[in-house]
Number of protein chains: 2
Amino acid sequence: MASPPRPRIRDVAEVAGVSATTVSHVLNGKGRVDEATRARVIAAAERLGYRPNSTAKRLRSGRADTIGLLLPFGAAAEHAQHILAVEFYLTLAMSVVEAAFDHDQALLQLPPLRAPEDLRRFVVDGAIVVDPLPADPRLRLFDQLGLPTVTVGRDAARPADPWWVATDSTAGTRAVLDHLAAAGARRIALLTVDIEWSWFVEGRRAYTAWTHDHGIEPITILTRPDRLDSSAVEAATAALDLEPDAVYAPPQWLATGLLKAAKERGVRVPDDLLVSVGVDSQLARTGEPPLTALDLAPVRTAREAVDLLVQRIEGRASGGSRLIPAELRPRRSSTPSG
Amino acid sequence: MASPPRPRIRDVAEVAGVSATTVSHVLNGKGRVDEATRARVIAAAERLGYRPNSTAKRLRSGRADTIGLLLPFGAAAEHAQHILAVEFYLTLAMSVVEAAFDHDQALLQLPPLRAPEDLRRFVVDGAIVVDPLPADPRLRLFDQLGLPTVTVGRDAARPADPWWVATDSTAGTRAVLDHLAAAGARRIALLTVDIEWSWFVEGRRAYTAWTHDHGIEPITILTRPDRLDSSAVEAATAALDLEPDAVYAPPQWLATGLLKAAKERGVRVPDDLLVSVGVDSQLARTGEPPLTALDLAPVRTAREAVDLLVQRIEGRASGGSRLIPAELRPRRSSTPSG
DNA sequence: CTGAAAGCGCTTACAG
DNA sequence: CTGAAAGCGCTTACAG
């Protein structure tokens, strides 16, 4: 059971017949080292199975080579997982892990932060905060500790802050609406959730502007983000009462609630009603009918966020916000038959 | 932008007029310290906003107070996310994060490990490996580095290994089959995936045993775990060709494929066919019809796994495997109308 | 009850 | 090209 003691740099030095300094130089590619010496050191390190102690490196360098990820929900807040779609967040998280790895960073998954002390025990060089609310107290926490952050989604309360990555909600919303209009819709309703994440706020604004530009009466149904399972069908039914010929429901749970409400009422999709959801998922791809959706590009979003955070941590000035385009995936739910 | 230099223990000592040793004693509750001195130290630490440098603590103690989590898929392996259900893994992961936090551990999300070197750069005291395959090479990796692991799901190739937590697949499968039989089913088919995770292997075995015990002909349809979206409906159609009156489809994507295939063929659920899925989800709860499902208790599973791993890391002997019961959630898909 | 000293395993000026 | 020494910020015997 007891594993053999792990070799230290001095063990490698001893075997190679050199000093620890030289071993360090060889292993880190610093300084000039004789070719023969280098070979001996590498052979010794390999033979001993040496791997440098990261903790010691960190103490020396002051860098943790670890970034934190803060998702907008915990395990208990089940309902929050459905705000957009579970898959989006899982793919985002796994992509952040892999992108961090490619940057030689480890990824610490942070729990929901309740008190300032909560954050103190985590050793990170910075963090990615997903879906900040305006003036999000979590961001203030990081600021207080002097830890750099990058947000996925904008913090509306800090319009001047350039450290964010976000899917282009405005353009995405327009793409959906243009698509529905091109398919013949004249009364397009927006069925969405009343939450201050920039994706939703900007989507609502874009909808209002688009309907104004097209001389179309805006029909907006807002739901509260709690009591999801039950409220979706209620809200969708309220939307159908207004007799739209198309509905754009950004969150997945509202789109599925809409399908259910339509069915109960004998409204056929797409024949009587065109539908689009705001986030792609397996459900959208393979459901009945398949749902037109926006691909929010979680993989790319993750990579850009990690990229930007690493730049910020390293003090490289080239940072700045990054707007990611969402791509429309037209499917049967918005394709009039015949 | 430049944050003020972080106070060190010696700064606190200076302000409090004591030695670093005493500060350490106070802050860690070691040794005897005069009450007045203690108060001075605490006041000084508070005034300076002192928080100990975890890296230095780690170097000294040799413990990282960090555990790793290795999920059975990466961001790219989209299909794998659907093997069971995305929600299960997201809830499991978030629960592991919170359970780790409660144990004063941080949670490092590990990327898919490809080479032995991949693991070396992560500083963890141990790891939770989810859904190991028999003789999983990832587990060997941890073994080689002398890092303790706990698996979620059993490693069939190491039957003697006691370091696992798993949902009771055998009892869960029986519960589903008993339930379907009680609802009147006589030809119950198993529609599942050909993957060597213990949850599925034990489920198949339990199904075979149950059908044998009940003198019922076993009908098993196995699908390959790749090409998920397309293969689900194909496999489900093949299952329907055998004219079962009930189908147990453990993975969510097969259950939804089955509903689709049934609809195409005019088979009504639950009137003509009873259906149960093996993992609970929002889809199961709110779909049309709502699906009878097993609640795999991801929150509890996560807590037990973290618990067990921490015990193993600390060398406490009380460890041992933990079997978590799955709970049946009967819904309309298996409730004959009338 | 309190503190000086050693040491965890590295890296990096600096000297040779 | 190579190495002795200092130091990153802690904790813990040990001495007083």
Side-chain angles (χ1 to χ4, degrees), chain A residues 3-42 44-45 48-66 104 120-125 145-146, chain B residues 3-42 44-45 48-66 104 120-125 145-146:
Chain A
S3 46
R6 197 170 137 175
R8 296 143 303 167
I9 197 170
R10 83 169 69 137
D11 298 317
V12 178
E14 202 169 311
V15 169
V18 298
S19 73
T21 302
T22 299
V23 174
S24 176
H25 281 159
V26 169
L27 265 31
N28 295 297
K30 302 256 171 93
R32 334 235 127 247
V33 182
D34 183 81
E35 214 24 77
T37 311
R38 169 188 310 279
R40 279 215 314 288
V41 168
I42 289 178
L48 295 177
Y50 173 73
R51 55 187 173 117
N53 180 317
S54 315
T55 304
K57 285 179 98 140
R58 284 172 192 182
L59 180 55
R60 190 57 235 251
S61 70
R63 282 210 33 188
D65 287 328
T66 301
D104 286 323
R120 305 217 155 166
R121 31 164 129 149
F122 297 106
V123 186
V124 295
D125 297 322
L145 297 185
Chain B
S3 45
R6 200 169 133 174
R8 296 144 301 168
I9 196 170
R10 86 170 65 137
D11 298 318
V12 178
E14 202 168 311
V15 169
V18 296
S19 72
T21 302
T22 299
V23 175
S24 176
H25 281 159
V26 170
L27 264 30
N28 296 297
K30 303 254 170 94
R32 335 236 127 245
V33 182
D34 184 81
E35 213 25 76
T37 311
R38 166 186 314 279
R40 277 216 314 289
V41 168
I42 288 178
L48 296 177
Y50 174 73
R51 56 186 173 119
N53 179 317
S54 314
T55 303
K57 285 180 97 140
R58 284 172 192 182
L59 181 56
R60 191 57 236 253
S61 69
R63 280 208 38 185
D65 287 329
T66 301
D104 286 323
R120 307 216 155 166
R121 30 167 133 147
F122 298 106
V123 186
V124 295
D125 296 323
L145 297 185

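Below, chains carry the letters A, B, ... as their sequence lines are ordered, and counting in each starts from 1.
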Next on the checklist: I'd like to know whether A/Arg38 forms a side chain to side chain contact (heavy atoms under 4.5 Å, CB included) with A/His25, so could you lay out the CA-CA distance, the side-chain angles of the two residues, the decisive distance to 0.1 Å, and finally the verdict.
Outcome noted: CA-CA 9 Å; A/Arg38 169 188 310 279; A/His25 281 159; over 6 Å; no

Next on the checklist: Let's go through A/Arg40 and A/Val26 carefully: what are the C-alpha distance in whole Å and the side-chain angles of both, what is the deciding distance for side chain to side chain contact (heavy atoms under 4.5 Å, CB included) to 0.1 Å, and is it a yes or a no?
Outcome noted: CA-CA 10 Å; A/Arg40 279 215 314 288; A/Val26 169; over 6 Å; no

Item to check | Residue pair B/Val33, B/Thr22: steps toward the side chain to side chain contact (heavy atoms under 4.5 Å, CB included) verdict | outcome: CA-CA 7 Å; B/Val33 182; B/Thr22 299; 4.2 Å; yes

Next on the checklist: One pair to check against side chain to side chain contact (heavy atoms under 4.5 Å, CB included): B/Thr66 and B/Val123. What are the steps and the verdict?
Outcome noted: CA-CA 7 Å; B/Thr66 301; B/Val123 186; over 6 Å; no

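Remark: the A/Ser24 side chain and the C/dT12 base include no donor-acceptor N/O pair separated by less than 3.5 Å. One N or O donor and one acceptor, one from the side chain of A/Thr21 and one from the base of C/dT12, sit under 3.5 Å apart.
Protein atom CZ of A/Arg6 is 12 Å distant from nucleotide atom C1' of C/dC8, rounded to whole Å. Rounded to whole Å, atom P of C/dT12 lies 16 Å from atom CZ of A/Arg32. Distance B/Arg60 CZ to D/dG7 C1': 16 Å, rounded to the nearest Å. The distance between atom CG of A/Asp65 and atom P of C/dC10, rounded to the nearest whole Å, is 15 Å. Following rounding to the nearest Å, A/Arg58 (CZ) and D/dC8 (P) show an atom-to-atom distance of 19 Å. Taking atom CG of B/Asn28 as the reference point, atom P of D/dT11 lies 5 Å away to the nearest angstrom. Spacing between atom NE2 of A/His25 and atom P of C/dG9 amounts to 20 Å, rounded to whole angstrom units. When rounded to the nearest whole Å, the span between CG of A/Leu59 and C1' of C/dC8 equals 9 Å.
D/dC14 and C/dG3 make up a base pair, with Watson-Crick or G-U wobble contacts both under 3.5 Å.
Across the interface with DNA chain D, nearest-nucleotide mapping of B/Asn53 and B/Lys30 shows B/Asn53 to be the residue nearer the 5′ end. For B/Ala56 and B/Ser19, each mapped to the nucleotide of DNA chain C holding its nearest heavy atom, the one lying further toward the 5' end belongs to B/Ser19.
A/Arg51 is listed as a side-chain neighbour of B/Leu145, based on a closest heavy-atom distance under 4.5 Å.
An OP1 or OP2 oxygen of C/dG9 is reached within less than 4.0 angstrom by no side-chain nitrogen or oxygen of A/Tyr50. Within the 4.0 Å cut-off from OP1 or OP2 of C/dG9, not a single side-chain nitrogen or oxygen of A/Lys57 is found. B/Thr37 has a side-chain polar atom (N or O) that falls below the 4.0 Å cut-off from OP1 or OP2 of C/dT2.
A/Thr55 comes within contact range of no nucleotide atom at all, as no heavy-atom separation falls under 4.0 Å.
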